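Since this is a predicted model, take the numbers as computed values, not measurements.
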Amino acid sequence: MPKVLLVSGFTETEINSFREIQYSRVLAERGWDVEIRTSTESYIWKYNRSKLKSTFPSRNDDELKSKYGITISRSKPLLRLSDFVLLPISMAAIRSADVVHVIEFRQGLSVVYAALAKLFGKPVIYDHEQRGDRHYTWLHTLDSFFRRVLICIGSIFPDVVRHTVIANRDHFIRNSWSRKGKLMFAPLAADERVFFFSNELRAASRARLGLALDDKVVVISGKIDAVKRTEEAARAVRDAGYKLILVGRMSDDVRKMFSSYGTESVIQLPHSPPAEVNALYNAADAALFTTFSISYWEALSTGLQVIVPRTQFSEMALPDNQAILFGSEEMFLVPEEQYKPETDVYDLVKQALHHRPLQLQSRTTNGSFLWPARAEELLKLYQSLCANART
């Protein structure tokens, strides 16, 4: 049985959308032996700027182990500063693997594992997610410089560098020392066991939420904070006559802003499990995202329309009939992540909805955004690298 070692500083088995969880599941279902080396830490640092509460990352470890035979090896960090984390290194795990797949060089840990894997002659795959530098404060500028150094060193080792959006690729190229690793566009996907569309579920969910048949509803999900400019965009949606559903982790300052909207125009819900998020996507007519996340694919897989920033990536990767695009890439300091201070997100979303009002559409599950379609691509990549390593 071929074995893959997945290395990531943070793995949240409670959050199905984490790539480590889905990579592990789809590979285990296809006969691979999977080991995850990770920390005991929440991906939300206790000193995070939005004052979000830490999660319980190992909550569903036992379920993954018992159901899929996945090994999850967690270690207490030797050092952690924000996303940077160092753990004890397992040489045995590297030696026993056929492929070593590491996540985010900015974490530091992945650089060490990639270097050692290459030393042992193992194929190395690297997933690069960062889209650009952060400059909210001088500490962020210093942190961004440190991240660039880690990416520069780490770039020496991968055989393949996978990126999920164009900005990921461009950021890696700008900061890499070596570009010998093949660059590969590899978008993530939604969990097919959870995300789907059903007319019956839509009707039941709208009835439960007290929504009328003719209400046009926009859902906002995920981590909602001021930096993402979510409230500005949401206000434009509300002022255009649409009702809002908010679901996810929300910073206190943004929660106060939304509380002033009144219950007639907004339904506020706490962070919810994926099945409930799917029910809300079914109930809604569109989803609003001001920055890119895996939630794009989850919403699109239910046939939902999305209101998202206009970028090279969104114009290339999103189906025109499901995407309402606002603004332009010039409104970002970091594409799809950090807006320029002067950007008027409210006005840009208002203009987009004026030119293309939300229209009710017939819907069905969109399988191209689900994991089975992506799993075969990942499996073929592993098989190819293993075959090359043996020759």
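Distance check: Leu6 CG to Ile36 CD1 gives 6.0 Å after rounding to the nearest 0.5 Å. Atoms CG and OG, on Leu116 and Ser90 in that order, are 10.5 Å from each other to the nearest 0.5 Å. With rounding to the nearest 0.5 Å, the separation of CG in Leu150 from CG in Asp83 is 11.0 Å.
Counting only residues at least two apart or on different chains, no salt bridge (Lys or Arg N to Asp or Glu O under 4.0 Å) pair has a member in residues 291-305.
Between Asp225 and Arg249, no side-chain nitrogen of the basic residue sits less than 4.0 Å from a carboxylate oxygen of the acidic one, so the salt-bridge criterion is not met. Contact check on Lys340 versus Glu330 returns no salt bridge, with no Lys/Arg side-chain nitrogen under 4.0 Å from an Asp/Glu carboxylate oxygen. The residues Arg162 and Asp127 are annotated as salt-bridged, a charged nitrogen and a carboxylate oxygen being separated by less than 4.0 angstrom. Ionic pairing of Glu192 and Arg25 is present here: one or more N-O contacts between side-chain nitrogen and carboxylate oxygen are shorter than 4.0 angstrom.
Of the N and O atoms on the side chains of Asp239 and Tyr346, at least one donor lies less than 3.5 Å from an acceptor on the other residue. For the 3.5 Å distance criterion, the side chains of Ser301 and Tyr281 fail to qualify, holding no donor opposite an acceptor. Between the side chains of Gln130 and Asn175, no donor-acceptor pair of N or O atoms lies under 3.5 Å. The closest side-chain donor-acceptor pair between Gln305 and Asp285, if any, does not fall under 3.5 angstrom.
The cluster map of Ile, Leu, Val, Met, Phe, Trp and Tyr, joined by side-chain heavy atoms under 4.5 Å apart, puts Phe196 and Trp297 in different clusters. Note on Ile166: it clusters hydrophobically with Leu300, by side-chain heavy-atom contacts below 4.5 Å among ILVMFWY residues.
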Problem - Step-by-step side chain to side chain contact (heavy atoms under 4.5 Å, CB included) determination, Leu27 to Leu379 - result: CA-CA 7 Å; Leu27 288 165; Leu379 191 61; 4.1 Å; yes

Practice task
Walk me through it: do Val111 and Ile151 pass the test side chain to side chain contact (heavy atoms under 4.5 Å, CB included)?
Solution key: CA-CA 8 Å; Val111 176; Ile151 294 165; over 6 Å; no

Exercise for the section: Kindly determine whether Ser8 and Glu104 satisfy side chain to side chain contact (heavy atoms under 4.5 Å, CB included), including the steps that lead there. Expected result: CA-CA 7 Å; Ser8 179; Glu104 287 304 310; over 6 Å; no

Problem - Pair Ser176-Ser155, side chain to side chain donor-acceptor pair (under 3.5 Å): steps then yes or no - result: CA-CA 5 Å; Ser176 59; Ser155 68; 5.0 Å; no

Exercise for the section: Please step through side chain to side chain contact (heavy atoms under 4.5 Å, CB included) for the pair Lys223 and Lys228, ending with a clear verdict. Expected result: CA-CA 9 Å; Lys223 189 169 72 171; Lys228 292 184 176 183; 3.9 Å; yes

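Remark: aromatic rings of His163 and Phe172 are distant, center separation not under 6.0 Å. You'll find the ring centres of Tyr43 and Phe18 inside the 6.0 Å limit.
No donor-acceptor pair under 3.5 Å is formed between the side chain of Thr71 and the backbone N or O of Glu35. Between the Thr343 side chain and the Met331 main chain, a donor and an acceptor come within less than 3.5 Å of each other. No donor-acceptor pair closer than 3.5 Å links the side chain of Ser384 to the backbone N or O of Leu381. A donor-acceptor pair under 3.5 Å links the side-chain atoms of Arg74 to the main chain of Pro57, judged by distance alone. The backbone N or O of Asn16 sits less than 3.5 Å from a side-chain atom of Gln22, completing a donor-acceptor pair. A donor-acceptor pair is defined here as one N or O able to donate and one able to accept, closer than 3.5 Å; such a pair exists between the side chain of Arg206 and the backbone of Ala283. Checking side-chain atoms of Tyr113 against main-chain N and O of Leu5 turns up no donor-acceptor pair under 3.5 Å. Judged purely by atom type and a 3.5 angstrom limit, Gln361 uses its side chain to pair as donor or acceptor with the backbone of Asn321. For Arg202 (side chain) and Asn282 (main-chain N/O), a donor-acceptor pair under 3.5 Å exists by modelled atom type. In this structure, Asn168 contributes its side chain and Val165 its backbone to a donor-acceptor pair below 3.5 Å.
Residues forming a side chain to side chain donor-acceptor pair (under 3.5 Å) with Lys243 (at least two apart in sequence, or on another chain): Asp215. The side chain to side chain donor-acceptor pair (under 3.5 Å) test applied to Glu200 returns Ser198, not counting sequence neighbours. In terms of the side chain to side chain donor-acceptor pair (under 3.5 Å) criterion, Glu377 has no residue partners (sequence neighbours excluded). Scored by the side-chain contact (heavy atoms from CB on, under 4.5 Å) test, Phe332 finds Pro309, Thr311, Tyr339 as partners (sequence neighbours excluded). Among residues two or more places apart in sequence or in another chain, the side chain to side chain donor-acceptor pair (under 3.5 Å) test is passed with Ser39 by none.
Between His171 and His128, the two ring planes are parallel [angle under 30°; tilted spans 30° to 60°].
Applying the 6.0 Å contact sphere to NZ of Lys65 captures more than 12 heavy atoms from other residues, nucleotides or ligands. Shown here is Leu213, whose CG atom has no more than 12 heavy atoms of other residues, nucleotides or ligands within 6.0 Å.
Residues Ser110 and Phe105 share a closest heavy-atom pair of O-CE2, 3.8 Å. Ala189 approaches Trp371 most closely through the heavy-atom pair O-NE1, 3.1 Å. Phe157 and Val124 get closest at one heavy-atom pair: O-CB, 3.9 Å. Looking at every heavy atom in both residues, Gly108 comes nearest to Leu86 through C-CD2, 4.2 Å.
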